[in-house]
Amino acid sequence: MADLENSNSRNPLKFLKDNLPSITVITIVIAIILPLPTFLLDAFMAINLVFALLILLVVLNAKKPTEISIFPSLLLVSTVFGLGLNIASTRLILTKGANFDGRMIKAFSNFVVGTSGTEGLVVGILIFIVIIVVQLIVITKGATRIAEVAARFTLDALQVKIMGVEAEYSSGAIDEAEAKRQKAEIRDESNFYGAMDGASKFISGNVKAGIFIIVLEMLGGFIIGSVLYGEQNVVPLYIGLAIGDGLVTQLPALLISTAMGIVVTRASAAGDFSDQLIDQLFNKDAKIYWICAAVLVLLSALPGFPWYVLVPIALLVAYNAYRLGIKQKAIRIGGTPAGPKQTEPVRAPEIPPVVPLDILSLDLGYGLVTLVEREKGAELLERISGVRNQTALDLGFRFPKVRIQDNAGLEPSEYCFKLKGVNVGRGKIRTGYYLCLKPGNSATDIEGEKTVDPAFGLPAIWVAHERRDEAERAGYTIVDPPSIIATHLTEIVRRSAADILGLEDTQVILNAMRENYPALVEEVMRTGENGMRVLEIQKIFQGLLRERVSIRNKVTILEAIAEYAPVSRVSWVLVEKVRQALASQICQQYADYDRKVRVLGLEHSLEQRIIDSAVKTQMGIRAALEPALQQAWIKAVCKAVAAVRQKGWMPVIVCSEAARYLVKNSTDRELPDLAVLSMNEISPEFVFESVGMIKIEAASTE
């Protein structure tokens with residue numbers, strides 16, 4: 001470590017690089033407090049000029065303004081450095097007078113004044129005044145105003161931009177890394193323009209301080225030279241030195257203020273300044289440049305105008321118009337400027353825009369947009385992310401990201417979920433209120449606006465924020481707006497999981513399984529004459545999800561498919577066999593904490609009639625009971641299910657393997673959430689208790 005430190009200390013370039021800010025600050029302090037030798041003053045003034053020129057060139061070649069994030073700090077350092085040199089030069093001018101030998105100041109003074117005598121002094125003063133006016137009134141004032149507006153609008157748009165990134169991330173258009181990068185870029189842009197708003201004041205203050213210092217040099221020189229030392233011709237001497245000093249310090253300030261103006265006026269445009277200039281000024285419609293060339297030729301024909309200047313410029317403009325005309329014509333006919341002449345126009349094929357259909361989307365009324373603005377304390381985005389993670393554990397696959405967007409067609413407080421463009425659930429949110437659900441054992445009523453829970457259709461009330469504690473004491477379940485939407489999304493995903501799982505999702509699952517269980521996946525894909533197709537496996541997964549059976553245990557599912565696929569390739573038959581392999585998992589869904597499952601049985605004759613009514617369709621077998629019998633069957637099931645639910649139990653029907661699929665699809669329309677198990681799905685690990693028998697009275701079918 002000591003050797004490394006010694007090697008760094010022996011390298012002057014490395015030492016200068018590591019300590020440049022510190023050296024600059026120390027130099028400024030020395031220049032302000034201690035008198036500098038004139039040769040050192042000349043060196044620092046040259047460095048100041050080169051530094052300002054470098055800043056301007058870097059700004060002109062930057063692709064976007066925020067690339068120079070250190071620019072506000074550079075403004076401060078360069079301004080203070082220039083003022084420090086101005087103070088040091090003023091001290092030397094006033095103390096040395098006619099003996100002052102600063103070459104940079106004298107060179108600028110002689111170059112600008114040009115001639116000796118009063119005429120040269122007047123010219124120098126006027127040029128200096130013009131530079132100050134241009135810098136202070138035109139460049140600095142305009143750039144300062146633009147910086148203020150840019151900072152305000154950038155800050156106002158910050159929330160909207162971040163919300164747009166969050167919406168793209170939620171919809172799956174970008175990944176998490178890209179979302180973080182874009183949000184960091186947005187914050188950097190906001191910080192940059194906010195800093196530029198304050199840094200622009202340094203330039204205007206620098207100009208004003210420069211004017212004060214120059215006036216002070218003139219008056220101080222006159223007093224010191226004529227009154228104290230009795231020098232002759234002090235006015236030309238000190239005015240000339242003051243002008244040179246002012247120019248050598250204000251010229252770098254002019255370059256930096258110009259760079260500042262370019263930075264704040266370019267906004268967030270991409271590409272360096274040269275690219276933008278060529279593209280936006282010289283690559284427009286050809287007729288614009290033909291008109292410009294014609295005007296120049298017309299001016300050259302008028303008496304007194306310098307035709308030898310106007311005509312060459314007109315030729316250059318006309319050449320640019322000719323070049324653009326050829327290029328634009330080639331684009332119209334689909335060829336190239338240098339390509340062969342086309343006998344028939346070949347038009348570029350028009351590709352119609354393809355708008356992707358989101359699997360899941362959430363439309364918000366404008367009054368609910370704040371729910372997805374993280375900076376305002378909303379948690380909806382995190383809640384949706386949590387729903388995706390939790391349902392991935394519960395269902396066995398992760399549903400796609402939800403595209404969140406505002407919808408002017410909705411009421412301000414309304415939201416709407418869409419599945420593949422179709423409305424699958426909507427609700428209304430009262431911002432500033434909580435949705436309160438009354439449990440069955442609560443006897444205390446509180447006042448509030450009556451409503452319905454959008455996820456489950458349960459009666460509820462809206463309670464204002466200040467009455468939340470009262471509702472909690474009364475035993476109500478309190479749900480905030482983000483939780484309402486997240487819960488609704490969870491229920492929609494569980495209910496529509498079979499429709500959400502696509503062919504690509506199934507392929508992703510198989511690819512992931514192939515990494516850890518290559519032999520199992522290979523066995524499934526080659527089972528049967530031609531092997532199982534991905535589409536067939538998707539149908540099995542969908543059949544399980546349709547009855548809310550998780551497909552997380554994919555090893556067991558694929559093993560069951562591999563075992564029974566050689567016997568039958570019919571999807572519903574394989575679904576039944578997979579369900580039997582998942583018997584413990586399915587029973588766990590409906591068991592109480594004591595591992596007891598309360599079930600309803602079917603009368604044997606009724607079960608046989610359902611089996612005998614089976615008909616084959618393209619969607620599989622279906623129960624085709626006579627209308628009267630179907631009506632009586634549904635009535636009997638609803639009555640039995642209601643009786644079980646009144647006791648606080650989950651209704652589960654148990655029947656034979658042959659009847660299970662028929663019983664389920666015969667009750668799907670009226671009771672889509674009804675659980676139906678076959679005898680082969682009963683796991684010995686659980687206790688099954690019969691709580692009723694479903695049967696149809698004879699009079700009901702007559």
Side-chain angles (χ1 to χ4, degrees), residues 170-172 358-362 381-403 417-420 422 424-425 454-456 483 485-517 520-521 524 534-561 571-572 574-591 650 652 661 664 668 671-677 681 683:
S170 299
S171 67
D358 300 314
I359 301 299
L360 275 172
S361 63
L362 170 60
L381 297 175
E382 286 80 3
R383 298 290 178 86
I384 292 178
S385 178
V387 170
R388 294 184 70 231
N389 294 333
Q390 186 59 45
T391 53
L393 296 175
D394 295 342
L395 300 178
F397 79 101
R398 188 186 300 274
F399 66 85
K401 294 179 180 178
V402 182
R403 179 182 291 276
F417 282 106
K418 292 182 180 179
L419 175 61
K420 299 178 181 179
V422 179
V424 291
F456 303 102
S483 298
I485 299 177
T487 303
H488 198 175
L489 173 62
T490 302
E491 181 60 22
I492 288 173
V493 171
R494 295 182 186 278
R495 187 173 64 242
S496 308
D499 298 322
I500 295 173
L501 181 71
L503 193 63
E504 291 293 334
D505 300 319
T506 307
Q507 184 65 63
V508 170
I509 292 173
L510 293 176
N511 291 340
M513 291 293 295
R514 185 176 280 111
E515 294 181 3
N516 298 319
Y517 305 94
L520 176 59
V521 176
V524 171
V534 178
L535 180 62
E536 293 175 308
I537 298 176
Q538 178 198 6
K539 296 300 181 184
I540 297 172
F541 284 162
Q542 289 177 330
L544 295 170
L545 292 171
R546 193 165 284 113
E547 296 191 48
R548 301 199 178 189
V549 177
S550 172
I551 61 173
R552 187 178 180 187
N553 191 356
K554 299 177 182 64
V555 173
T556 302
I557 294 173
L558 294 181
E559 287 177 347
I561 294 174
S571 61
W572 73 267
L574 291 176
V575 168
E576 294 302 304
K577 297 302 181 183
V578 171
R579 286 179 59 92
Q580 294 170 20
L582 297 173
S584 297
Q585 172 187 316
I586 294 176
C587 291
Q588 180 67 44
Q589 290 181 232
Y590 308 113
M650 180 179 295
V652 178
Y661 189 73
K664 178 59 182 173
D668 261 346
L671 299 167
D673 297 330
L674 178 63
V676 182
L677 305 184
E681 295 171 14
S683 173

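How far CD of Glu536 is from CD1 of Ile561: 9.5 Å, rounded to the nearest 0.5 Å. Interatomic distance, CG of Leu545 versus CG of Leu395, reported as 6.0 Å (0.5 Å rounding). Here the CD1 atom belonging to Ile557 is positioned 12.0 Å from the CZ atom belonging to Arg552, to the nearest 0.5 angstrom. The OG1 atom of Thr490 lies 12.5 Å from the CZ atom of Arg388; values are rounded to the nearest 0.5 Å. To the nearest 0.5 Å, the span separating NZ on Lys420 from CD1 on Ile359 amounts to 5.5 Å. Rounded to the nearest 0.5 angstrom, Thr391 OG1 and Glu491 CD are separated by 12.0 Å.
Listed here is the closest heavy atom pair of Gln589 and Arg548: NE2-O, 2.9 Å. Scanning all heavy atoms of the two residues, the minimum distance from Leu501 to Gln542 falls at O-NE2, 3.1 Å. Nearest heavy atom pair, residue Arg579 against residue Leu544, reads CG-CD2, 3.7 Å. Ser683 and Cys587 make their closest contact through N-SG, 3.6 Å (heavy atoms, listed as atom of the first residue, atom of the second, distance). Between Pro672 and Lys664, the closest heavy-atom pair is O-NZ, 3.2 Å. Nearest heavy-atom pair across Leu510 and Val534 is CD1-CG2, 4.1 Å.
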> Under the side chain to side chain contact (heavy atoms under 4.5 Å, CB included) criterion, do Val521 and Val524 qualify, and how do the steps go?
Replying inline: CA-CA 5 Å; Val521 176; Val524 171; 5.8 Å; no
> Between Arg546 and Asp668, does a salt bridge (charged side-chain N to carboxylate O under 4.0 Å, His left out) hold up when you go through it step by step?
Replying inline: CA-CA 10 Å; Arg546 193 165 284 113; Asp668 261 346; over 6 Å; no
>> Evaluate Asp394 against Arg494 for side chain to side chain contact (heavy atoms under 4.5 Å, CB included), listing each step before the verdict.
In response: CA-CA 9 Å; Asp394 295 342; Arg494 295 182 186 278; 2.6 Å; yes
> Given Val549 and Gln585, is the side chain to side chain contact (heavy atoms under 4.5 Å, CB included) satisfied, shown in steps?
Replying inline: CA-CA 8 Å; Val549 177; Gln585 172 187 316; 3.8 Å; yes
>> Using side chain to side chain contact (heavy atoms under 4.5 Å, CB included), reason through Ile492 and Phe399 one step at a time and then give a plain yes or no.
In response: CA-CA 11 Å; Ile492 288 173; Phe399 66 85; over 6 Å; no
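Counting heavy atoms of neighbouring residues, nucleotides and ligands inside a 6.0 Å radius, atom OH of Tyr517 does not exceed 12 of them. Atom CD of Gln507 has more than 12 neighbouring heavy atoms from other residues, nucleotides or ligands inside a 6.0 Å radius.
Using cut-offs of 30° and 60° on the angle between ring planes, the pair His488 and Phe417 is perpendicular.
Considering only heavy atoms from C-beta on, Glu515 stays 4.5 Å or farther from Asn511 through its side chain. Taking 4.5 Å as the limit, every side-chain heavy atom of Ile537 sits out of range of all side-chain heavy atoms of Ile509.
Remark: side-chain polar atoms of Lys418 are not paired, donor with acceptor, to backbone N or O of Asp358 under 3.5 angstrom. Judged by distance alone, the side chain of Ser496 and the main-chain N or O of Val493 form no donor-acceptor pair under 3.5 Å. Distance alone, capped at 3.5 Å, places no donor-acceptor pair between the Ser571 side chain and the Ile540 backbone. Side-chain atoms of Asp505 come within 3.5 Å of backbone atoms of Gly502 as a donor-acceptor pair (strictly under, hydrogens ignored).
The side-chain contact (heavy atoms from CB on, under 4.5 Å) test with Ser385 singles out one residue from Leu381, Asn389, Val387, and that residue is Asn389.
Partners of Thr487 according to the side-chain contact (heavy atoms from CB on, under 4.5 Å) rule, which considers only residues two or more places apart in sequence or in another chain, are Ala455, Phe456.
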